[in-house]
*Asks:* 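My questions will all concern the structure given below.
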Amino acid sequence: MRVKCVICDKIEPIDDESLIAKKLRNRPIHTYMCHDCSKRITQKTNDRIESGNFHLYRPKSDKDEW
């Protein structure tokens, strides 16, 4: 199966029997990101977390205590 990275538009072959290929076939909303782009985004996110300029806003959960 040939897939195209959504960020850099690089076309890569992946195994037809792999888990990512099955996800892409069964759910078209899933997108493919190549290993290089994924690694680059992970590294930049970790750098932002270490610098202190990264805030992760999580929704507040209301705990009902009966």
Side-chain angles (χ1 to χ4, degrees):
M1 177 178 206
R2 291 175 41 170
V3 292
K4 186 177 184 180
C5 177
V6 294
I7 296 175
C8 67
D9 294 333
K10 182 169 55 171
I11 297 175
E12 292 183 346
I14 60 171
D15 185 28
D16 288 337
E17 305 297 323
S18 67
L19 183 62
I20 189 72
K22 183 177 179 182
K23 285 182 183 179
L24 290 171
R25 272 194 310 270
N26 292 336
R27 295 182 183 93
I29 192 74
H30 288 277
T31 56
Y32 177 78
M33 190 166 37
C34 68
H35 182 68
D36 296 334
C37 291
S38 176
K39 188 169 58 171
R40 186 179 72 239
I41 289 173
T42 303
Q43 181 182 5
K44 288 189 176 194
T45 303
N46 288 336
D47 291 344
R48 285 179 47 213
I49 289 171
E50 290 173 1
S51 72
N53 293 331
F54 183 78
H55 300 285
L56 185 62
Y57 298 102
R58 295 184 182 186
K60 294 181 181 179
S61 62
D62 296 330
K63 241 184 175 178
D64 291 335
E65 295 186 23
W66 288 61

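All residue numbers in this chain count up from 1 along the given sequence.
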*Asks:* First locate atom CD1 of Ile41, then atom CG of Asn46, and finally report the distance between them rounded to the nearest 0.5 Å.
*Replies:* 12.0 Å
*Asks:* With a 3.5 Å cut-off and sequence neighbours excluded, list the donor-acceptor pairs that the side chains of residues 17-29 form with protein atoms.
*Replies:*
| unit_1 | atom_1 | unit_2 | atom_2 | d |
| --- | --- | --- | --- | --- |
| Ser18 | OG | Asp15 | O | 2.9 |
| Ser18 | OG | Ala21 | N | 3.4 |
| Arg25 | NH1 | Asp16 | O | 3.2 |
| Arg25 | NH2 | Asp16 | O | 3.4 |
| Asn26 | ND2 | Lys22 | O | 3.4 |

*Asks:* Please output the side-chain donor-acceptor pairs of residues 30-39 that fall under 3.5 Å, not counting sequence neighbours, one pair per line with the distance.
*Replies:*
| unit_1 | atom_1 | unit_2 | atom_2 | d |
| --- | --- | --- | --- | --- |
| Tyr32 | OH | Glu12 | OE1 | 2.6 |
| Asp36 | OD2 | Lys10 | NZ | 3.1 |

*Asks:* If you compare all heavy atoms of Val6 against all heavy atoms of Asp9, which two are closest, and at what distance to 0.1 Å?
*Replies:* O-OD1, 4.3 Å
*Asks:* Does some side-chain heavy atom of Ile14 sit less than 4.5 Å from a side-chain heavy atom of Arg2?
*Replies:* no
